[in-house]
Amino acid sequence: MAKKGNLGENKSRSPMSLFIIAGVCCFFYILGAWQRSGFGKGDRIADLVNRQTDCSILSNLNYETHHGNGIGMDDSKEISEFKPCGDEYIDYTPCHDQNRAMKFPRENMTYRERHCPPAEEKLHCLVPAPVGYVTPFPWPKSRDYVPFANAPYKSLTVEKAVQNWIQFEGNVFKFPGGGTQFPEGADAYISELATVVPLDSGMVRTALDTGCGVASWGAYLLKKNVIAMSFAPRDSHEAQVQFALERGVPAVIGVLGTIKLPYPSNAFDMAHCSRCLIPWGANGGMYMMEVDRVLRPGGYWVLSGPPINWSKSFKSWKRPAQELEEEQRKIEEYAKLLCWEKKHESGEIAIWRKRKNNDSCRNQATQAIMCETTKDDSVWNKKMEACITPYPELSELDKVAGGEWQPYPERLKAIPFRISSGSVPGVSAETYQKDIRLWKKHVSAYKRINKLIDSGRYRNIMDMNADLGSFAAALDSPKLWVMNVMPTIAEKDTLGVIYERGLIGIYHDWCEAFSTYPRTYDLIHANGVFSLYKSKCDPTDILLEMDRILRPEGAVIFRDQEDVLFKVRKIVRGMRWNTKMVDHEDGPLVSEKILVAVKKYWVAGFLINLLDLVEVKAPLWEVATGAIGDSVAGDI
């Protein structure tokens, strides 16, 4: 058996042994490439060998920290290995578990909301990938094709066959770009919206898609440099959000029910519902009021499908005309109460615009119940209310409407209004610009450590502690997108700033599971996460959740204090992750370090460690990466 030695040791190897092992690595790489091409017969052992010796995955992790305090010590004897979960957990979503959901009332979609397991019911095992799982296609091919093995559910291909949602061809799913409301394709539908909504000017950058299906609307909006935060419940439409993420489109599991949406007020440039089955006129207009809360002043709301133009379509919808008429009457009534201006109605599409300021509708809002004004956006697990979120003060709003919201991409680096107005304590224009420079430096170092970051290999990226969003801004590229997560316990709530920059994000408590399917992110960035949650919850639970949502062969970049990372490294080595510790960009004397990890490839019912099968003097993955134990970290 091969001994799993310390990754940072400087082992002596003869040139001949290195040559032989490198040759073996390349041979299996070519063999694996032949398999993935579709001509191989699926020899699973050869596929495993190929994946675990993939010379590209960690080929640039050449820097081992030299700082003290035991970082370089061999902790392999202290590793506790986690076992794989049963195959029934392949698509396990802890806070959206179907069995648990059925214990909650169906009224107002309560049973489709987040219901996380108590501590004693949390899994302490590794969620497996399905047999045959492969790396998704690169963008933009992934928009149109998803490997069947990655999400093996055909029900939508039957249920939505005439609507062009999804088709099954050979060993892949094909997404023609259709939807229930746009069976002829999203491009034509978006072009019609663009006659009213300025989708080509850069002024509309962020969108919210409620009840997104497989997120074809969001997928095709990216052509116009508009990024959508799409959500849909985990329901009878099996795996719709999973399909969206496999396609490389931002999406989360979610629903408009009784809890506020996990987004800040005045955030999105546009909100959209295409036959999303949300009862907009119910509960005193509460759902429309929640959309109003998250729409920025001047933002647009698009509603297509029932009940719009009910008089001509009620027969095809197979619904009573009187019922649909009452639905539209209520929607129009609440839109007026919210002081939205109707800009367009044609066919089954209606578009409203939220007013830029409160001055133009003071008389219309006399009957409205206003929400209690708060200085923050603390919406996490807060009950949704049938009240209207107040506009910012007129003097502030004039600044917003008068040019503070710049077109994208200019707004990515412009000083957000929330900062210039002093709304974020402790963050000034100067500290904001300093943060941009700092993360540009950090990301440059990351790219030198892992050159795959710029290659298109990582499409879905998550920043677990996003702060001002400067990590995402430094990465900005059409090849990728970043889910900026604002921990609910963060010292400063800056998610509103992130949206002002034209980025997307979400509130979340990392003591709980994230609202996504397994294997949905290619790269995860965790800056200070484990210091932040040090006394809040078990770091093992956070790391197991990271493993759940990370794709096989996906990467993680941890940035934290060295003592914290030492503990993290001990845990993840028991999770079949390869790791490498790296010094701070400013040299080994800085106590903050970087830990880079890559999740190994393995699938359900087939977990074999290559290092236990091949007897070599050093781990093959380390040879493949060319790891140099005595490299100087300060050189990066």
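Position 1 is the first residue of the sequence, and the numbers go up from there.
A tilted orientation is assigned to the rings of W340 and W301, their planes being inclined by 30° to 60°. Below 30°, between 30° and 60°, or above 60°: for Y92 and Y89 the angle between ring planes is above 60°, a perpendicular geometry.
We find the NZ-CG distance between K570 and L565 to be 13.5 Å, quoted to the nearest 0.5 Å. Distance OG1/T210 to OH/Y287: 12.0 Å, rounded to 0.5 Å. Atoms OG1 and CD1, on T206 and I227 in that order, are 9.0 Å from each other to the nearest 0.5 Å. A distance of 10.0 Å separates CZ of F104 from CD of E113, quoted to the nearest 0.5 Å. Rounding to the nearest 0.5 Å places CZ of R319 at 4.5 Å from CG of L324. To the nearest 0.5 Å, atom OG1 of residue T540 and atom CG of residue D547 are 12.0 Å apart.
Here the shortest heavy-atom pairing between T579 and R573 reads OG1-NE, 3.5 Å. Listed here is the closest heavy atom pair of P487 and V485: CD-O, 3.3 Å. Considering every non-hydrogen atom in both Q167 and P176, the closest pair reads NE2-CG, 3.4 Å. Nearest approach of E545 to P94, heavy atoms of both residues: OE1-CG, 4.4 Å. Shortest non-hydrogen contact noted between Q328 and I308 is OE1-CA, 3.5 Å.
With sequence neighbours left out, I190 forms a side chain to side chain contact (heavy atoms under 4.5 Å, CB included) with A186, L199, W217, Y220, L221, K224. For the side chain to side chain contact (heavy atoms under 4.5 Å, CB included) test, residues two or more places apart in sequence or in another chain that qualify with E120 are P118.
Between K330 and E333 no salt bridge is recorded (no basic side-chain N to carboxylate O distance below 4.0 Å). A salt bridge links R329 with E326; the closest basic N to acidic carboxylate O contact falls under 4.0 Å.
Aromatic ring centres of Y145 and F175 lie farther apart than the 6.0 Å criterion allows. Here the two rings, on W139 and W481, have centers that are 6.0 Å apart or farther. A distance below 6.0 Å separates the ring centres of F148 and F168.
Remark: C212 SG to C276 SG, distance not under 2.5 Å.
Looking at K354 and D292, their side chains come closer than 4.5 Å, going by heavy atoms from C-beta outward. In this structure the side chain of M483 never reaches within 4.5 angstrom of the side chain of I461, judged on heavy atoms. Side-chain contact between H124 and D541 is present, with at least one heavy-atom pair separated by less than 4.5 Å. Put simply, the side chain of F558 does not reach to within 4.5 Å of the side chain of N527, judged on heavy atoms. When side chains are defined from C-beta on, R519 does not count as touching N150, because their heavy atoms never get closer than 4.5 Å. Between K83 and L126, every side-chain heavy-atom pair lies at or beyond the 4.5 Å cut-off. Contact check for V294 versus P264: no side-chain heavy atoms found under the 4.5 Å cut-off. Side-chain contact between V214 and F173 is absent, with no heavy atoms from C-beta onward closer than 4.5 Å.
The only member of L550, L595, I571, V598 that meets side chain to side chain contact (heavy atoms under 4.5 Å, CB included) when paired with W577 is L550. Checking F231, Y300, Y189 one by one against H272, the ring pair (Phe, Tyr, Trp, His ring centres under 6.0 Å) holds for a single residue, Y189.
Surrounding CD of E121 are more than 12 heavy atoms belonging to other residues, nucleotides or ligands, all under 6.0 Å away. Crowding of K567 atom NZ: a count of heavy atoms from other residues, nucleotides or ligands under 6.0 Å not exceeding 12. Sparse packing is recorded around CD of E491, with 12 or fewer heavy atoms of other residues, nucleotides or ligands lying under 6.0 Å away.
Side chain to side chain, D493 and Y507 meet the donor-acceptor criterion of an N or O pair below 3.5 Å. For the residue pair S265 / R296, no side-chain donor-acceptor distance below 3.5 Å is found, with atom types taken as modelled. A side-chain donor from one of S531 and D560 sits under 3.5 Å from a side-chain acceptor of the other. Using modelled atom types, one finds a donor on one side chain and an acceptor on the other under 3.5 Å when comparing R501 with S470.
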Apply the test side-chain hydrogen bond (donor to acceptor under 3.5 Å, both in side chains) to residues H96 and S515: give CA-CA distance (whole Å), side-chain angles for both, the deciding distance (0.1 Å), then the verdict. CA-CA 7 Å; H96 301 275; S515 291; 2.9 Å; yes
Set out, in order, the CA-CA distance, both residues' side-chain angles and the distance that settles side-chain hydrogen bond (donor to acceptor under 3.5 Å, both in side chains) for R551 and Y133, then state yes or no. CA-CA 10 Å; R551 297 192 195 280; Y133 180 88; 3.3 Å; yes
For S216 and R247: C-alpha separation, side-chain torsions, deciding distance, then whether side-chain hydrogen bond (donor to acceptor under 3.5 Å, both in side chains) applies. CA-CA 9 Å; S216 287; R247 298 175 72 187; 2.9 Å; yes
Test side-chain hydrogen bond (donor to acceptor under 3.5 Å, both in side chains) on R275 and S304 and set out the steps. CA-CA 6 Å; R275 204 177 290 205; S304 63; over 6 Å; no
Hey, mind stepping through I549 and I524 against side-chain contact (heavy atoms from CB on, under 4.5 Å) and telling me if it holds? CA-CA 9 Å; I549 68 178; I524 299 176; 3.9 Å; yes
Step-by-step side-chain contact (heavy atoms from CB on, under 4.5 Å) determination, L295 to N266: CA-CA 5 Å; L295 267 184; N266 304 315; over 6 Å; no
Chi angles and distances behind the side-chain contact (heavy atoms from CB on, under 4.5 Å) call for Y499, M229: CA-CA 11 Å; Y499 273 93; M229 171 69 80; 3.9 Å; yes
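A donor-acceptor pair is defined here as one N or O able to donate and one able to accept, closer than 3.5 Å; no such pair exists between the side chain of W510 and the backbone of Y533. A side-chain donor-acceptor contact under 3.5 Å links N484 to the backbone of I504. One N or O on the side chain of H115 and one on the backbone of T110 form a donor-acceptor pair closer than 3.5 Å. Formation of a donor-acceptor pair under 3.5 Å by the N465 side chain with backbone atoms of A526 is not found in this model. In terms of modelled atom types and a separation under 3.5 Å, the side chain of R114 and the main chain of G254 share no donor-acceptor contact. Looking only at distances, no side-chain donor or acceptor of E246 sits under 3.5 Å from a matching main-chain atom of T520. Formation of a donor-acceptor pair under 3.5 Å by the E290 side chain with backbone atoms of L261 is found in this model. Judged purely by atom type and a 3.5 angstrom limit, D522 uses its side chain to pair as donor or acceptor with the backbone of N460. In this structure, E500 contributes its side chain and R418 its backbone to a donor-acceptor pair below 3.5 Å.
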Which atom pairs, one a donor and one an acceptor, fall under 3.5 Å between side chains of residues 382-390 and the rest of the protein, sequence neighbours left out?
from : atom 1 : to   : atom 2 : distance (Å)
K382 : NZ     : S378 : O      : 3.0
K382 : NZ     : S378 : OG     : 3.3

